Amino acid sequence: MHRWDRILLCAVSTVATGLVVCPGAQAVMFTVRPGTVFAKKPSYRAADRLSIEAIDTVVEGPALEQKDKFCLYNLFDRQGKALTPKRAWIPCYSIDKMFLTP
């Protein structure tokens, strides 16, 4: 089963049962809030920021790592293709909604 199939199965299972039970799922994709800061390091410093648009980006959860208020995520476009850079730090509260592929 492909990653996107597992994600869709998890979403359908969650809606159908009302429980977060994801058989065989490894990750879930989320949109991020508008204005989200993407950074090379866990900081708000302008020197660490990456020029990535939140509207075009989804992240794969759960976070790979957490430092203070920042979480490290794998980045993808809305078609599920990995972005360059492949990972970025964002404020952990920036996660928005579960994203289902088109």
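Along the sequence shown, residues carry numbers from 1. Computed from a predicted model, the values in this text were never measured in an experiment. Just so you know, these numbers use all the heavy atoms, side chains as well, and skip hydrogens, waters and symmetry mates.
Distance check: Asp77 CG to Asp56 CG gives 8.5 Å after rounding to the nearest 0.5 Å. Thr57 contributes atom OG1, which lies 10.5 Å from atom CZ of Phe99 (distance to the nearest 0.5 angstrom).
Looking at heavy atoms from C-beta onward, Leu75 lies out of side-chain contact with Lys86 at the 4.5 angstrom threshold. A heavy-atom distance below 4.5 Å is found between the side chains of Leu64 and Arg87. For the pair Ile52 and Pro85, the minimum side-chain heavy-atom distance is below 4.5 Å.
With hydrogens and angles disregarded, a donor-acceptor distance shorter than 3.5 Å links the side chain of Gln66 to the backbone of Asp68.
Exactly one of Leu83, Asp96, Ile95 qualifies for a side-chain contact (heavy atoms from CB on, under 4.5 Å) with Val59. That residue is Ile95.
Smallest separation of non-hydrogen atoms from Tyr73 and Glu60: CD2-O, 3.2 Å.
Around the CZ atom of Arg49, the shell of radius 6.0 Å holds more than 12 heavy atoms that belong to other residues, nucleotides or ligands.
In this structure, Ile90 is a member of the same hydrophobic cluster as Val28, with clusters built from ILVMFWY side-chain heavy atoms closer than 4.5 Å.
Ring pair Phe70/Tyr44: centre-to-centre distance below 6.0 Å.
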Exercise answer: donor-acceptor pairs, residues 29-39 side-chain atoms, under 3.5 Å, sequence neighbours excluded:
{"from": "Thr31", "atom 1": "OG1", "to": "Lys97", "atom 2": "N", "distance (Å)": "3.1"}
{"from": "Thr31", "atom 1": "OG1", "to": "Lys97", "atom 2": "O", "distance (Å)": "3.4"}
{"from": "Arg33", "atom 1": "NE", "to": "Tyr93", "atom 2": "O", "distance (Å)": "3.0"}
{"from": "Thr36", "atom 1": "OG1", "to": "Arg33", "atom 2": "N", "distance (Å)": "3.4"}
{"from": "Thr36", "atom 1": "OG1", "to": "Arg33", "atom 2": "O", "distance (Å)": "2.5"}

